[in-house]
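Quick notes on the structure that follows.
Quick note: numbers below take in every heavy atom, side chains included, and nothing from hydrogens, waters or symmetry partners.
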Amino acid sequence: MRLKELLHYTYIFPVLAVGYYFSGLMGGGVFYDIIAGLLLTGSVLSAVHHAEVVAHKVGEPFGTIILALCITIIEVALIISLMVAGGDQAITLARDTVFAAVMIILNGILGICILVGGVKYHEQFFARTSATTYLVSIVSILVLTLVLPNFTSSVNGPFYNEAQLIFISIACLVIYGVFLMVQTVRHRSYFIVPDEHPEAHYIPSLNKTLISFGFLVVCLVIVVLMAKGLSGTIEGMVQSIGAPKSLVGVIIAGVVLLPEGVAAIRAARSNQIQSSLNLALGSALASIGLTIPAVSTVCIVYDIPLVLGLDKKDIILLSLSVFIVMLSLSRGKTNVLYGTVLLVNLAAYIFTVIVP
C-alpha cells in the first residue's frame, strides 16, 4: 500500500485516537473531552470506510456479518468488564444495554434508513424472505431473554435461576448458529439482491483488505474505549438536566452503534436497502443472541445476580417496536411513513427514559 493511501483520514484518525486515549488527557476538562469527541467521530467514520472495503472483498452477506460480529464482541467485552467491576450495582447493566441497543437498531437505524431511502427513491425493494428470517429469530430471542423472566416462578422477580440461564443461553446460541448457516450457506440468496452493474464495483486487493480489517478492529475497540472514558462526562451532563442515570446507557449504546448506523444509512442512500437491513437486523440479532449467553456465563462463574426481565413500560415499547417493524417489512418495499413511525417510536422510548 502506498504512503499516500496510509495518510488518508481513515488511517490517521484511529492512530490519533489510540494515542490520545492512552495519553491520559481524557477527563481533563471540557476542552479535552471535545477533542476526544472529535477523534471518536473520526474513528467511527473510519470504521465505516474499512468495513466497506472488507465487504467489497468478501461480498454479501459476509461483509455485514463481519461488522455486526465485531461490534457485538466489543460490546460484550465492555458490558462484562463493567459488570465484573461494578458487582451487585451492575445487575441491570446487561439488560439495559441490550434493550437500548435493540430499540436504537430497530427504531433508529432502521427508521432513518427507510426514511432516507423513501425521501430519495420513494420506494425501495428488498427480499421479504430475509426480513422474515431475521424477525423470526429476533422475536424468539427477545421474548425468551427479556420478557419470560418476569413470568417464571423458580426465583421471585425478573430473574432466571442458574439452570434457566444455561438453557436460555444454549437456546440463543442454537437460534443464532442456525440463522448464520441459513444466511451464509443454505439460503444465502435470501439476503442478496442481484447487482445490475457488477463491473462498477472496485474489488480491493487481499493486502488492502487485511489492513482494512485490522484498522476496523482498532476503530471499533477505540470507539468503545473512548465511549467508556467519556461516560463520566456524559453522566455529569445527564445529571445536570435531571434525567435518570439509565439515559447514560442509551447514549453509550448509541455511540457504540454509530459505525453500523452510518454504514446502514450510506447503503440506503445508495439504494441498497437490502444491505441496510442486513446490517440493522443482523446487528440486533447478534447483539442479543451473543450478549446474553456471554453475560450469563460470567454471572454464573462470578456469582453475580443478573436482572433480565423488562418492566411493563419497556415491554409495551418493545412489543410496539417489533410489531411496527414486522408490518413495515411485510411487503418487501418501503416508504417514508414506515421510517417516520419507527423514529417516533424511538423518540417515545428516549422520552420515557428521561421522563418515566
Side-chain angles (χ1 to χ4, degrees), residues 1 3-57 63-79 81-82 97 100-101 104-105 108-109 112 204 208-235 237 248-267 269 279-280 282-283 286-287:
M1 183 176 289
L3 179 61
K4 183 178 180 180
E5 292 179 340
L6 289 174
L7 292 178
H8 194 260
Y9 80 91
T10 55
Y11 298 99
I12 293 177
F13 266 110
V15 174
L16 291 177
V18 170
Y20 190 80
Y21 177 79
F22 288 103
S23 70
L25 294 175
M26 286 184 62
V30 176
F31 176 75
Y32 295 104
D33 287 339
I34 290 175
I35 294 177
L38 293 175
L39 290 175
L40 187 149
T41 303
S43 297
V44 167
L45 297 176
S46 301
V48 173
H49 168 80
H50 293 301
E52 290 178 343
V53 171
V54 174
H56 281 309
K57 182 65 176 180
T64 53
I65 291 174
I66 289 173
L67 181 57
L69 288 178
C70 284
I71 290 182
T72 302
I73 291 171
I74 302 300
E75 179 185 0
V76 168
L78 177 60
I79 292 174
S81 65
L82 291 174
T97 303
I104 290 171
I105 292 169
I109 296 177
I112 294 175
K208 184 173 182 179
T209 302
L210 292 175
I211 293 175
S212 286
F213 180 74
F215 270 90
L216 172 62
V217 174
V218 171
C219 289
L220 296 178
V221 171
I222 198 62
V223 164
V224 173
L225 290 177
M226 295 189 80
K228 181 180 178 181
L230 290 171
S231 61
T233 301
I234 297 172
E235 184 175 344
M237 292 172 56
V248 177
V250 176
I251 295 173
I252 294 177
V255 173
V256 173
L257 291 169
L258 266 179
E260 286 172 304
V262 174
I265 294 167
R266 289 179 63 172
R269 284 180 54 84
L279 276 166
S283 298
S287 177

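- Under the rule for a side-chain hydrogen bond (donor to acceptor under 3.5 Å, both in side chains), Ser43 has no partner lying at least two apart in sequence or in another chain.
- Exactly one of Thr41, Val18, Ile222, Leu39 qualifies for a side chain to side chain contact (heavy atoms under 4.5 Å, CB included) with Phe13. That residue is Leu39.
- Rounded to the nearest 0.5 angstrom, Tyr11 OH and Cys219 SG are separated by 10.0 Å.
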Got a list of side-chain donor-acceptor pairs under 3.5 Å for residues 24-33, not counting sequence neighbours?
{"residue": "Asp33", "atom": "OD1", "partner": "Gly27", "partner atom": "N", "Å": "3.1"}
{"residue": "Asp33", "atom": "OD2", "partner": "Thr233", "partner atom": "OG1", "Å": "2.7"}

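- Here Val15 pairs with Phe215 under the side chain to side chain contact (heavy atoms under 4.5 Å, CB included) rule; sequence neighbours left out.
- For the atom pair CD of Glu260 and CG of Leu220, the computed distance is 8.5 Å after rounding to the nearest 0.5 Å.
- A distance of 13.5 Å separates CD1 of Ile35 from CG of Leu40, quoted to the nearest 0.5 Å.
- Atom-to-atom distance recorded for Leu216:CG and Thr209:OG1 is 11.5 Å, nearest 0.5 angstrom.
- Annotation: side chain to side chain donor-acceptor pair (under 3.5 Å) contacts involving residues 16-27, sequence neighbours excluded, are absent.
- Under the rule for a side chain to side chain contact (heavy atoms under 4.5 Å, CB included), the partners of Ser287 that lie at least two apart in sequence or sit in another chain are Glu75, Ala101, Thr291.
- Residues passing the side chain to side chain contact (heavy atoms under 4.5 Å, CB included) test with Ala264 are Ile109, Cys113, Ser276, Leu279, sequence neighbours excluded.
- Ala17 and Met226 make their closest contact through CB-SD, 3.9 Å (heavy atoms, listed as atom of the first residue, atom of the second, distance).
- Between Val221 and the options Val218, Val223, Leu225, a side chain to side chain contact (heavy atoms under 4.5 Å, CB included) holds for only Leu225.
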